[in-house]
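So that the names make sense, note that chain A is the first sequence line, chain B the second, and so on, each numbered from 1. Here the structure is a predicted model, which is why all the values come from computation and not from measurement.
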Number of protein chains: 2
Amino acid sequence: MFSKACEYGIRAAVYIALQSLDGRRVSVNEIAEEIDSPIAFTAKILQQLSRNNIIHSVKGPTGGFEIAREDMDAVKLNMIVKAIDGDKIYVGCGLGLKECNAQKPCPLHDKFVDIRTDLSKMLKSTSLFELATGLEVGLTYLKR
Amino acid sequence: MFSKACEYGIRAAVYIALQSLDGRRVSVNEIAEEIDSPIAFTAKILQQLSRNNIIHSVKGPTGGFEIAREDMDAVKLNMIVKAIDGDKIYVGCGLGLKECNAQKPCPLHDKFVDIRTDLSKMLKSTSLFELATGLEVGLTYLKR
DNA sequence: TAAATAAAGGACATTTTTGTCCGATTAATG
DNA sequence: CATTAATCGGACAAAAATGTCCTTTATTTA
(Lines give C-alpha, C1' and ligand atoms only; values in the text may rest on other atoms or scores of the structure.)
Protein backbone atom coordinates (compact mmCIF):
# COMPACT_ATOMS: atom_id res chain seq x y z
CA MET A 1 0.00 0.00 0.00
CA PHE A 2 2.50 2.60 1.22
CA SER A 3 6.20 2.51 0.39
CA LYS A 4 8.65 1.68 3.19
CA ALA A 5 9.70 5.33 3.15
CA CYS A 6 6.11 6.37 3.72
CA GLU A 7 5.60 3.87 6.53
CA TYR A 8 8.68 5.20 8.31
CA GLY A 9 7.54 8.75 7.62
CA ILE A 10 4.16 8.26 9.23
CA ARG A 11 5.60 6.42 12.22
CA ALA A 12 8.24 9.11 12.68
CA ALA A 13 5.71 11.93 12.44
CA VAL A 14 3.46 10.27 15.01
CA TYR A 15 6.39 9.77 17.37
CA ILE A 16 7.51 13.38 16.97
CA ALA A 17 3.96 14.55 17.64
CA LEU A 18 3.75 12.39 20.74
CA GLN A 19 6.97 13.82 22.14
CA SER A 20 6.06 17.36 21.17
CA LEU A 21 2.95 17.00 23.32
CA ASP A 22 5.41 16.71 26.21
CA GLY A 23 7.43 19.65 24.93
CA ARG A 24 10.31 17.37 23.95
CA ARG A 25 12.29 17.93 20.75
CA VAL A 26 13.71 14.69 19.39
CA SER A 27 16.77 13.68 17.33
CA VAL A 28 16.87 11.40 14.29
CA ASN A 29 18.73 8.86 16.39
CA GLU A 30 16.04 8.73 19.03
CA ILE A 31 13.27 8.59 16.43
CA ALA A 32 14.90 5.74 14.49
CA GLU A 33 15.47 3.89 17.73
CA GLU A 34 11.91 4.34 18.91
CA ILE A 35 10.17 3.48 15.69
CA ASP A 36 12.67 0.73 14.80
CA SER A 37 13.80 2.14 11.44
CA PRO A 38 17.16 2.60 9.64
CA ILE A 39 18.73 5.83 10.92
CA ALA A 40 20.16 7.42 7.76
CA PHE A 41 17.17 6.48 5.66
CA THR A 42 14.86 7.92 8.29
CA ALA A 43 16.90 11.13 8.25
CA LYS A 44 16.23 11.53 4.51
CA ILE A 45 12.54 11.07 5.01
CA LEU A 46 12.46 13.61 7.84
CA GLN A 47 14.12 16.09 5.50
CA GLN A 48 11.31 15.60 3.02
CA LEU A 49 8.69 16.12 5.71
CA SER A 50 10.55 19.19 6.93
CA ARG A 51 10.81 20.70 3.46
CA ASN A 52 7.06 20.16 3.10
CA ASN A 53 6.43 21.98 6.37
CA ILE A 54 4.88 18.93 7.96
CA ILE A 55 7.38 18.84 10.78
CA HIS A 56 9.79 21.50 12.01
CA SER A 57 13.54 20.96 12.32
CA VAL A 58 16.12 22.81 14.40
CA LYS A 59 19.86 22.45 13.79
CA GLY A 60 22.65 22.37 16.31
CA PRO A 61 22.86 21.24 19.93
CA THR A 62 19.44 20.92 21.60
CA GLY A 63 18.12 20.78 18.04
CA GLY A 64 15.96 18.08 16.55
CA PHE A 65 12.43 17.67 15.26
CA GLU A 66 9.16 18.94 16.66
CA ILE A 67 5.57 19.71 15.67
CA ALA A 68 3.54 22.59 17.01
CA ARG A 69 0.30 21.66 18.74
CA GLU A 70 -1.82 23.45 16.09
CA ASP A 71 0.01 21.63 13.30
CA MET A 72 -0.88 18.27 14.78
CA ASP A 73 -4.49 19.09 14.01
CA ALA A 74 -3.76 20.60 10.62
CA VAL A 75 -1.52 17.79 9.39
CA LYS A 76 -3.56 14.91 8.02
CA LEU A 77 -2.13 11.61 6.90
CA ASN A 78 -2.80 12.33 3.25
CA MET A 79 -0.31 15.23 3.46
CA ILE A 80 2.44 12.92 4.69
CA VAL A 81 1.66 10.30 2.07
CA LYS A 82 1.66 12.92 -0.66
CA ALA A 83 4.96 14.42 0.52
CA ILE A 84 6.69 11.04 0.36
CA ASP A 85 4.89 8.83 -2.17
CA GLY A 86 3.41 11.56 -4.32
CA ASP A 87 -0.16 11.16 -5.50
CA LYS A 88 0.16 7.76 -7.13
CA ILE A 89 -2.12 6.30 -4.46
CA TYR A 90 -4.90 8.70 -5.41
CA VAL A 91 -4.36 8.94 -9.14
CA GLY A 92 -4.11 6.41 -11.94
CA CYS A 93 -5.70 3.14 -12.94
CA GLY A 94 -5.70 0.09 -10.69
CA LEU A 95 -4.74 -2.06 -13.65
CA GLY A 96 -2.09 0.37 -14.88
CA LEU A 97 -3.89 1.76 -17.94
CA LYS A 98 -2.73 5.17 -19.08
CA GLU A 99 -6.24 6.32 -19.83
CA CYS A 100 -8.87 5.05 -17.45
CA ASN A 101 -11.86 7.07 -16.39
CA ALA A 102 -15.63 6.96 -16.24
CA GLN A 103 -15.83 7.47 -20.03
CA LYS A 104 -13.31 4.75 -20.84
CA PRO A 105 -13.01 2.58 -17.73
CA CYS A 106 -10.86 -0.50 -17.20
CA PRO A 107 -12.73 -3.62 -16.11
CA LEU A 108 -12.03 -2.84 -12.46
CA HIS A 109 -12.56 0.91 -12.59
CA ASP A 110 -15.77 1.32 -10.58
CA LYS A 111 -14.82 -1.14 -7.86
CA PHE A 112 -11.43 0.46 -7.59
CA VAL A 113 -12.81 3.95 -7.30
CA ASP A 114 -14.92 2.83 -4.35
CA ILE A 115 -11.97 1.40 -2.44
CA ARG A 116 -9.77 4.36 -3.20
CA THR A 117 -12.41 6.87 -2.21
CA ASP A 118 -12.64 5.20 1.18
CA LEU A 119 -8.88 5.18 1.57
CA SER A 120 -8.66 8.80 0.53
CA LYS A 121 -11.38 9.85 2.96
CA MET A 122 -9.65 8.01 5.77
CA LEU A 123 -6.27 9.62 5.07
CA LYS A 124 -7.76 13.09 4.68
CA SER A 125 -9.68 12.87 7.94
CA THR A 126 -6.99 11.38 10.17
CA SER A 127 -4.81 13.95 11.95
CA LEU A 128 -1.44 13.48 13.56
CA PHE A 129 -2.95 14.60 16.85
CA GLU A 130 -5.50 11.82 16.74
CA LEU A 131 -2.81 9.21 16.17
CA ALA A 132 -0.45 10.67 18.76
CA THR A 133 -3.05 10.76 21.52
CA GLY A 134 -3.98 7.13 20.84
CA LEU A 135 -0.36 6.31 21.51
CA GLU A 136 -0.19 8.53 24.55
CA VAL A 137 -2.98 6.77 26.37
CA GLY A 138 -1.46 3.40 25.55
CA LEU A 139 -4.15 2.26 23.12
CA THR A 140 -1.71 1.83 20.24
CA TYR A 141 1.98 1.11 19.61
CA LEU A 142 4.72 2.20 17.19
CA LYS A 143 7.38 -0.48 17.65
CA ARG A 144 7.58 -4.14 16.69
CA MET B 1 -1.65 -1.07 -4.90
CA PHE B 2 -0.79 -4.01 -7.16
CA SER B 3 2.68 -4.61 -8.58
CA LYS B 4 3.20 -4.07 -12.32
CA ALA B 5 3.44 -7.85 -12.68
CA CYS B 6 0.04 -8.21 -11.05
CA GLU B 7 -1.52 -5.51 -13.21
CA TYR B 8 -0.27 -7.25 -16.35
CA GLY B 9 -1.42 -10.59 -14.94
CA ILE B 10 -4.97 -9.42 -14.36
CA ARG B 11 -5.19 -7.70 -17.72
CA ALA B 12 -3.79 -10.78 -19.46
CA ALA B 13 -6.18 -13.12 -17.67
CA VAL B 14 -9.16 -10.98 -18.59
CA TYR B 15 -8.06 -10.87 -22.22
CA ILE B 16 -7.56 -14.63 -22.34
CA ALA B 17 -10.99 -15.13 -20.80
CA LEU B 18 -12.57 -12.80 -23.33
CA GLN B 19 -11.02 -14.70 -26.25
CA SER B 20 -11.81 -18.07 -24.72
CA LEU B 21 -15.47 -17.06 -24.73
CA ASP B 22 -15.11 -17.04 -28.51
CA GLY B 23 -13.25 -20.35 -28.46
CA ARG B 24 -9.99 -18.67 -29.42
CA ARG B 25 -6.67 -19.75 -27.90
CA VAL B 26 -4.19 -16.85 -27.78
CA SER B 27 -0.39 -16.52 -27.89
CA VAL B 28 1.82 -14.45 -25.59
CA ASN B 29 2.55 -12.14 -28.49
CA GLU B 30 -1.09 -11.42 -29.13
CA ILE B 31 -1.80 -10.93 -25.43
CA ALA B 32 1.09 -8.53 -24.91
CA GLU B 33 0.03 -6.62 -28.01
CA GLU B 34 -3.59 -6.38 -26.93
CA ILE B 35 -3.01 -5.40 -23.32
CA ASP B 36 -0.01 -3.18 -24.17
CA SER B 37 2.57 -4.95 -21.99
CA PRO B 38 6.22 -6.08 -22.42
CA ILE B 39 6.19 -9.47 -24.17
CA ALA B 40 8.87 -11.45 -22.32
CA PHE B 41 7.81 -10.13 -18.93
CA THR B 42 4.22 -11.01 -19.69
CA ALA B 43 5.34 -14.52 -20.66
CA LYS B 44 6.84 -15.00 -17.18
CA ILE B 45 3.67 -13.87 -15.52
CA LEU B 46 1.57 -16.19 -17.66
CA GLN B 47 3.81 -19.06 -16.57
CA GLN B 48 3.04 -18.22 -12.94
CA LEU B 49 -0.67 -18.15 -13.63
CA SER B 50 -0.40 -21.40 -15.52
CA ARG B 51 1.52 -23.13 -12.73
CA ASN B 52 -1.19 -21.99 -10.33
CA ASN B 53 -3.88 -23.47 -12.56
CA ILE B 54 -5.49 -20.12 -13.13
CA ILE B 55 -5.08 -20.29 -16.88
CA HIS B 56 -4.31 -23.26 -19.12
CA SER B 57 -1.38 -23.37 -21.53
CA VAL B 58 -0.82 -25.54 -24.59
CA LYS B 59 2.61 -25.88 -26.19
CA GLY B 60 3.46 -26.20 -29.85
CA PRO B 61 1.82 -24.90 -33.01
CA THR B 62 -1.84 -23.90 -32.50
CA GLY B 63 -0.89 -23.70 -28.83
CA GLY B 64 -1.34 -20.73 -26.54
CA PHE B 65 -3.39 -19.80 -23.49
CA GLU B 66 -7.03 -20.40 -22.71
CA ILE B 67 -9.47 -20.58 -19.82
CA ALA B 68 -12.37 -23.01 -19.60
CA ARG B 69 -15.81 -21.44 -19.23
CA GLU B 70 -16.30 -22.96 -15.75
CA ASP B 71 -12.93 -21.66 -14.60
CA MET B 72 -13.90 -18.11 -15.50
CA ASP B 73 -16.49 -18.32 -12.75
CA ALA B 74 -14.23 -20.13 -10.30
CA VAL B 75 -11.24 -17.82 -10.74
CA LYS B 76 -11.61 -14.71 -8.61
CA LEU B 77 -9.26 -11.75 -8.67
CA ASN B 78 -7.84 -12.56 -5.25
CA MET B 79 -6.46 -15.83 -6.71
CA ILE B 80 -4.56 -13.96 -9.40
CA VAL B 81 -3.25 -11.40 -6.95
CA LYS B 82 -2.14 -14.13 -4.58
CA ALA B 83 -0.43 -16.11 -7.34
CA ILE B 84 1.63 -13.08 -8.38
CA ASP B 85 2.00 -10.75 -5.40
CA GLY B 86 1.55 -13.30 -2.65
CA ASP B 87 -0.56 -12.33 0.32
CA LYS B 88 1.22 -9.13 1.29
CA ILE B 89 -1.89 -7.16 0.32
CA TYR B 90 -3.99 -9.09 2.82
CA VAL B 91 -1.46 -9.61 5.59
CA GLY B 92 0.77 -7.32 7.59
CA CYS B 93 0.62 -3.90 9.15
CA GLY B 94 -0.15 -0.77 7.13
CA LEU B 95 2.69 1.02 8.91
CA GLY B 96 5.09 -1.91 8.53
CA LEU B 97 5.16 -3.11 12.14
CA LYS B 98 6.16 -6.75 12.58
CA GLU B 99 3.58 -7.29 15.28
CA CYS B 100 0.33 -5.48 14.75
CA ASN B 101 -3.03 -6.92 15.73
CA ALA B 102 -6.12 -6.14 17.75
CA GLN B 103 -4.20 -6.81 20.98
CA LYS B 104 -1.26 -4.60 20.07
CA PRO B 105 -2.42 -2.35 17.24
CA CYS B 106 -0.48 0.32 15.39
CA PRO B 107 -2.06 3.78 15.41
CA LEU B 108 -3.70 3.09 12.06
CA HIS B 109 -4.69 -0.51 12.67
CA ASP B 110 -8.50 -0.26 12.87
CA LYS B 111 -8.86 2.13 9.97
CA PHE B 112 -6.54 0.00 7.91
CA VAL B 113 -8.43 -3.18 8.65
CA ASP B 114 -11.61 -1.55 7.36
CA ILE B 115 -10.09 -0.56 4.04
CA ARG B 116 -8.39 -3.87 3.57
CA THR B 117 -11.50 -5.83 4.40
CA ASP B 118 -13.35 -3.96 1.67
CA LEU B 119 -10.54 -4.57 -0.81
CA SER B 120 -10.38 -8.22 0.12
CA LYS B 121 -14.14 -8.66 -0.27
CA MET B 122 -14.04 -6.99 -3.64
CA LEU B 123 -11.22 -9.21 -4.93
CA LYS B 124 -12.77 -12.38 -3.57
CA SER B 125 -16.12 -11.65 -5.15
CA THR B 126 -14.99 -10.54 -8.59
CA SER B 127 -14.70 -13.34 -11.15
CA LEU B 128 -12.82 -13.36 -14.42
CA PHE B 129 -16.10 -14.03 -16.19
CA GLU B 130 -17.63 -10.85 -14.80
CA LEU B 131 -14.69 -8.78 -16.01
CA ALA B 132 -14.52 -10.49 -19.41
CA THR B 133 -18.21 -9.97 -20.17
CA GLY B 134 -17.95 -6.29 -19.28
CA LEU B 135 -15.27 -6.07 -21.94
CA GLU B 136 -17.27 -8.11 -24.43
CA VAL B 137 -20.26 -5.81 -24.41
CA GLY B 138 -18.00 -2.78 -24.77
CA LEU B 139 -18.56 -1.34 -21.32
CA THR B 140 -14.88 -1.50 -20.39
CA TYR B 141 -11.43 -1.46 -22.01
CA LEU B 142 -8.03 -3.11 -21.52
CA LYS B 143 -5.69 -0.94 -23.56
CA ARG B 144 -4.32 2.56 -23.07
C1' DT C 1 36.05 31.61 19.95
C1' DA C 2 36.69 26.66 20.00
C1' DA C 3 34.38 22.40 20.70
C1' DA C 4 30.53 19.73 20.47
C1' DT C 5 25.99 18.53 18.62
C1' DA C 6 22.51 17.99 15.42
C1' DA C 7 20.30 18.41 10.79
C1' DA C 8 21.31 18.87 5.54
C1' DG C 9 22.84 16.95 1.59
C1' DG C 10 25.61 14.42 -1.80
C1' DA C 11 27.65 10.19 -3.29
C1' DC C 12 27.56 5.53 -3.11
C1' DA C 13 25.91 0.47 -2.12
C1' DT C 14 22.47 -3.08 -1.89
C1' DT C 15 18.19 -5.22 -2.86
C1' DT C 16 13.98 -5.71 -5.26
C1' DT C 17 11.25 -5.07 -9.20
C1' DT C 18 10.86 -4.83 -13.87
C1' DG C 19 12.27 -6.23 -18.15
C1' DT C 20 15.18 -8.84 -22.01
C1' DC C 21 17.47 -12.67 -24.45
C1' DC C 22 18.17 -17.10 -25.85
C1' DG C 23 18.34 -22.04 -25.83
C1' DA C 24 15.39 -26.18 -24.50
C1' DT C 25 11.13 -28.52 -24.80
C1' DT C 26 6.70 -29.81 -26.79
C1' DA C 27 3.53 -30.69 -30.34
C1' DA C 28 1.24 -30.03 -34.96
C1' DT C 29 1.71 -30.48 -39.86
C1' DG C 30 3.42 -31.24 -44.50
C1' DC D 1 10.74 -37.33 -39.97
C1' DA D 2 11.98 -32.54 -40.61
C1' DT D 3 10.16 -28.07 -40.01
C1' DT D 4 7.85 -24.82 -37.62
C1' DA D 5 5.26 -22.61 -34.00
C1' DA D 6 4.48 -22.20 -29.54
C1' DT D 7 5.45 -22.28 -24.23
C1' DC D 8 9.17 -23.13 -20.54
C1' DG D 9 12.97 -21.84 -18.00
C1' DG D 10 17.42 -19.97 -16.85
C1' DA D 11 20.66 -16.25 -17.07
C1' DC D 12 21.30 -11.71 -17.60
C1' DA D 13 20.28 -6.31 -17.69
C1' DA D 14 18.20 -2.06 -16.29
C1' DA D 15 15.66 0.71 -13.26
C1' DA D 16 13.69 1.86 -8.94
C1' DA D 17 13.46 1.48 -4.02
C1' DT D 18 15.86 0.96 0.04
C1' DG D 19 19.66 1.79 2.82
C1' DT D 20 24.66 3.63 4.21
C1' DC D 21 28.58 6.79 4.71
C1' DC D 22 30.72 10.95 5.03
C1' DT D 23 31.28 15.89 4.60
C1' DT D 24 29.12 20.44 5.23
C1' DT D 25 26.34 23.75 7.67
C1' DA D 26 24.05 25.78 11.57
C1' DT D 27 23.77 26.53 16.44
C1' DT D 28 24.60 26.07 21.36
C1' DT D 29 27.59 26.22 25.18
C1' DA D 30 31.72 26.10 27.84
Let me confirm one number: the [atom1]-[atom2] distance from [X] to [Y], rounded to the nearest 0.5 Å.
X        : Y        : atom1 : atom2 : value
B/Lys88  : A/Met1   : NZ    : CE    : 12.5 Å
A/Ile45  : A/Ser37  : CD1   : OG    : 7.0 Å
B/Leu77  : B/Ile10  : CG    : CD1   : 5.0 Å
A/Phe112 : A/Cys100 : CZ    : SG    : 9.5 Å
B/Leu95  : A/Ile35  : CG    : CD1   : 10.0 Å
B/Asn78  : B/Asp85  : CG    : CG    : 12.5 Å

Is [X] reaching over with its side chain to a backbone N or O of [Y], donor-acceptor style, under 3.5 angstrom?
X        : Y        : value
A/Thr126 : A/Leu123 : no
A/Thr133 : A/Glu130 : yes
A/Asn52  : A/Gln48  : yes

Sequence neighbours excluded, which residues qualify as salt bridge (Lys or Arg N to Asp or Glu O under 4.0 Å) partners of B/Lys4?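 If we apply the salt bridge (Lys or Arg N to Asp or Glu O under 4.0 Å) test to B/Lys4, skipping adjacent residues, the hits are B/Glu7.
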
In chain order, what residues pass the salt bridge (Lys or Arg N to Asp or Glu O under 4.0 Å) check against A/Lys82, with sequence neighbours excluded?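 Counting only residues at least two positions away or on another chain, A/Lys82 forms no salt bridge (Lys or Arg N to Asp or Glu O under 4.0 Å).
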
Whole-Å distance between C/dA8 P and A/Asn52 CG?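 In whole Å, C/dA8 P and A/Asn52 CG are 13 Å from each other.
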
Using whole Å, report how far NE2 of A/His56 lies from C1' of C/dA8.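 My rounded result for the distance is 14 Å.
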
Under 4.0 Å, heavy atoms only, any strand: does A/Arg51 hit a base, just the sugar-phosphate, or nothing?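 The answer is sugar-phosphate, as A/Arg51 gets under 4.0 Å only of primed atoms, P, OP1 or OP2.
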
side-chain hydrogen bond (donor to acceptor under 3.5 Å, both in side chains) between B/Thr117 and B/Lys121, worked out: CA-CA 6 Å; B/Thr117 300; B/Lys121 272 184 194 163; over 6 Å; no

Tell me, which pairs form a ring pair (Phe, Tyr, Trp, His ring centres under 6.0 Å) where one or both residues lie in residues 121-144 of chain B, sequence neighbours left out?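 Non-adjacent pairs meeting ring pair (Phe, Tyr, Trp, His ring centres under 6.0 Å): zero.
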
Does anything in residues 8-20 of chain B come within less than 4.0 Å of DNA chain C? Heavy atoms only, and list the residues if so.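 DNA chain C contact set from residues 8-20 of chain B: B/Tyr8.
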
Taking DNA chain C as the partner, which of residues 77-85 of chain A come within under 4.0 angstrom of it by heavy atom?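 Hits under 4.0 Å, by residue number: none.
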
Here's a test for you: under side-chain contact (heavy atoms from CB on, under 4.5 Å), which of A/Ile16, A/Ile80, A/Leu18 qualifies with A/Leu128?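 So the option named by the test is A/Ile80.
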
Report, one pair per line, the protein and nucleotides 25-30 of chain C atoms (nitrogen or oxygen only) whose separation is under 3.5 Å.
none

Let's see if you get this right: which residues in residues 36-50 of chain B place a heavy atom under 4.0 Å from DNA chain D?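 Per residue number, the list reads B/Lys44, B/Gln47, B/Ser50.
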
Partners meeting ring-ring contact (aromatic ring centres under 6.0 Å, His included) with B/Tyr8 (sequence neighbours left out):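 Listed in chain order: B/Phe41.
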
Identify, with sequence neighbours excluded, every residue that meets side-chain hydrogen bond (donor to acceptor under 3.5 Å, both in side chains) alongside A/Glu66.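 For A/Glu66, the residues satisfying side-chain hydrogen bond (donor to acceptor under 3.5 Å, both in side chains) (neighbours in sequence not counted) are A/Arg25, A/His56.
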
Test of understanding: clusters of I, L, V, M, F, W, Y form through side-chain heavy atoms closer than 4.5 Å, transitively. Do B/Val113 and B/Ile89 belong to the same one?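 B/Val113 and B/Ile89: separate clusters.
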
Show me the protein contacts with nucleotides 12-14 of chain C, counting only N or O atoms at under 3.5 Å.
none

Quick one: which residue pairs count as a side-chain hydrogen bond (donor to acceptor under 3.5 Å, both in side chains) with a foot in residues 93-108 of chain A, not counting sequence neighbours?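 As it turns out, the side-chain hydrogen bond (donor to acceptor under 3.5 Å, both in side chains) pairs with a partner in residues 93-108 of chain A, which skip direct neighbours, are A/Lys98-B/Asp36.
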
Walking along DNA chain D from 5' to 3', note the first and the last nucleotide with an atom under 4.0 Å from a heavy atom of chain A, and give both.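 For DNA chain D, the relevant span reads D/dT18 to D/dT28.
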
